[in-house]
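Below is one structure; the comments refer to it alone.
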2 protein chains.
Amino acid sequence: MSQHPLRIQIEEIVTLSDAEFDRVLAHFQEKTFKKHQIVLHQGDYASFDFFVVKGLMRVSRVDPDGKEHILQFGMENWWITDAEAFHRQTKSTLTVDCLEDTKTLSLTLENKEKLSKEMPKMQTFFLKKTTNGYIALQKRILCFLSSNANDRYHNLLSLYPGLMQRVPKAMIASYLGVTRETLSRLTKVES
Amino acid sequence: MSQHPLRIQIEEIVTLSDAEFDRVLAHFQEKTFKKHQIVLHQGDYASFDFFVVKGLMRVSRVDPDGKEHILQFGMENWWITDAEAFHRQTKSTLTVDCLEDTKTLSLTLENKEKLSKEMPKMQTFFLKKTTNGYIALQKRILCFLSSNANDRYHNLLSLYPGLMQRVPKAMIASYLGVTRETLSRLTKVES
DNA sequence: TCAAATCATTGACAAATGTCCTGTGAAGGC
DNA sequence: GCCTTCACAGGACATTTGTCAATGATTTGA
């Protein structure tokens with residue numbers, strides 16, 4: 001009997017009874033999106049934090065020169081949104097869209113805070129997840145500080161081996177902060 | 001009548017009675033350090049998260065080539081530690097040291113969790129602070145993705161105007177991920 | 001006070017990366 | 001099935017950044 005992926009993730013941090021998990025789940029809305037569908041437009045309010053049940057999303061920004069920068073990918077069991085716009089209820093400076101058909105559980109800020117308040121366990125869960133996210137971002141920054149593009153690429157490879165099969169190399173390059181030409185040269189030298 | 005800086009910071013997020021704040025404060029230890037003193041050595045366990053009352057600290061790593069990379073500065077009212085080592089109770093991969101004589105309030109992980117558990121307000125505070133930190137790191141990453149060294153420098157200038165007067169330019173360069181020579185050339189073109 | 005260490009700047013050159021371009025398959029829409 | 005787009009590799013050249021070395025100014029400490 002397989003458990004719900006969200007429950008599995010929560011129970012890595014705190015334990016829940018069946019009734020408690022049902023109560024948690026009631027705060028989410030299921031939303032599905034098509035490949036290429038834009039889920040959050042730059043300039044709109046970020047109404048939801050998305051837990052990816054199935055599929056692949058990304059958060060990106062196009063700068064004034066028209067260049068696209070990918071801040072984050074979100075595969076199964078990842079949380080994804082414009083964190084600033086969501087938590088501060090301001091207009092988004094980022095775009096969230098789908099690289100594959102995607103099924104999500106969506107949480108409003110209101111429901112997140114309600115959950116946190118009514119179930120301290122859930123606040124503990126959110127705190128732990130956010131702390132882990134913070135640590136991951138620190139590592140990515142250290143990678144920018146101390147590694148060249150080649151090392152960053154191999155670091156990404158080992159961190160998310162499945163990603164390469166699911167997204168074009170140009171997007172990997174964008175995530176790494178280099179042009180696709182540069183990435184192409186790096187992967188060439190390998191052989 | 002001036003309030004305690006920690007209380008001011010907490011009360012930006014949740015309100016506390018005098019008794020509650022006293023109870024919070026009892027979980028901290030006051031620690032002072034001399035300029036150049038190393039507070040956390042690479043390889044040691046990160047016993048504390050430091051709230052900087054007065055002074056200036058930094059978190060850095062020296063890579064295998066001997067190059068030093070600065071992950072974070074910590075001025076007054078900042079929290080600073082090796083987040084991963086602290087929260088996972090593992091050996092630190094980073095160094096924390098003081099750029100000035102520094103007075104801190106130090107919190108162990110045990111006390112942090114105790115506070116979070118016994119005072120839900122404090123967990124709310126920690127969650128909000130961590131979320132804000134997460135957002136700040138995302139912005140720094142976007143800066144690496146979309147800005148050249150010059151723009152990153154000016155972004156840092158506007159973000160922390162006081163920092164330039166307190167730390168040598170070589171450290172600013174290290175924080176920005178460029179060599180001091182490069183930074184020197186960038187600031188030269190200004191005039 | 002003087003010597004040593006630190007800090008910033010600059011030049012010459014090398015290496016890494018960006019930009020612009022072409023060509024070639026493969027994948028997707030009608 | 002055909003046509004358009006997309007994905008990727010690669011070349012030629014420009015720009016940015018790193019590396020190494022030298023210099024002078026400032027600060028630090030005995």
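Lettering follows sequence order; numbering is per chain, from 1.
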Review point. Can you tell me how far P of D:dG10 sits from CZ of A:Arg180, to the nearest Å?
Key: 15 Å
Check your understanding: Rounded to the nearest Å, what distance is computed from the CZ atom of residue A:Phe144 to the P atom of nucleotide C:dT17?
Key -> 12 Å
Exercise for review: Let me know the distance between CG of B:Leu99 and P of D:dT28, rounded to the nearest Å.
Suggested key: 13 Å
Review point. So which one's nearest nucleotide on DNA chain D is more toward 5', B:Lys35 or B:Gly177?
Key: B:Gly177
Practice item. Check step by step if salt bridge (charged side-chain N to carboxylate O under 4.0 Å, His left out) holds for A:Glu100 and A:Arg166. Key: CA-CA 9 Å; A:Glu100 301 174 358; A:Arg166 292 171 78 173; 2.9 Å; yes
**Study point:** Rounded interatomic separation in angstrom, taking CZ from B:Arg185 and C1' from D:dT15
**Key:** 13 Å
Review point. Going through the distances and angles, do A:Phe86 and A:Phe48 end up as a ring pair (Phe, Tyr, Trp, His ring centres under 6.0 Å)?
Key: CA-CA 7 Å; A:Phe86 176 73; A:Phe48 301 100; 8.3 Å; no
Review point. In whole angstroms, how far is the P atom of C:dG18 from the CG atom of B:Asp151?
Key: 15 Å
**Study point:** Phosphate contact (C:dT19 OP1 or OP2) by A:Lys67 side-chain N/O below 4.0 Å
**Key:** yes
Exercise for review: Using the ring pair (Phe, Tyr, Trp, His ring centres under 6.0 Å) rule, pick out the option among B:Tyr175, B:Trp78, B:Phe73 that qualifies with B:Tyr160.
Suggested key: B:Trp78
Review point. Once you round it to whole Å, what is the distance between P of C:dT17 and CG of B:Leu145?
Key: 15 Å
Point to revise | Short N-O contact, A:Arg7 and A:Asp18, less than 4.0 angstrom | key: yes
Practice item. Looking only at side-chain atoms of A:Glu181, point me to the closest of C:dG11, D:dG10, C:dG18. Key: D:dG10
**Study point:** Members of residues 158-172 of chain A that approach DNA chain D, where some heavy atom sits under 4.0 Å away
**Key:** A:Pro168, A:Lys169, A:Ala170
Practice item. Examine A:Phe144 together with B:Phe144 and report whether their ring centres are nearer than 6.0 Å. Key: yes
**Study point:** Separation of D:dT16 P from B:Arg152 CZ (nearest whole Å)
**Key:** 14 Å
Exercise for review: Report yes if a side-chain nitrogen or oxygen of B:Ser184 is closer than 4.0 Å to either non-bridging phosphate oxygen (OP1 or OP2) of C:dA8; otherwise report no.
Suggested key: no
Point to revise | D:dG18 OP1/OP2 closer than 4.0 Å to side-chain N/O of B:Thr182 | key: yes
Practice item. Could you tell me whether B:Arg58 and B:Asp97 have a side-chain N and a carboxylate O separated by less than 4.0 Å? Key: yes
Without placing hydrogens or testing angles, list every side-chain donor-acceptor pair under 3.5 Å for residues 21-42 of chain B, not counting sequence neighbours.
residue	atom	partner	partner atom	Å
B:His27	ND1	B:Arg23	O	2.8
B:Gln37	OE1	B:Lys34	N	2.8

Practice item. Let me know the distance between CG of B:Asn148 and P of D:dT16, rounded to the nearest Å. Key: 8 Å
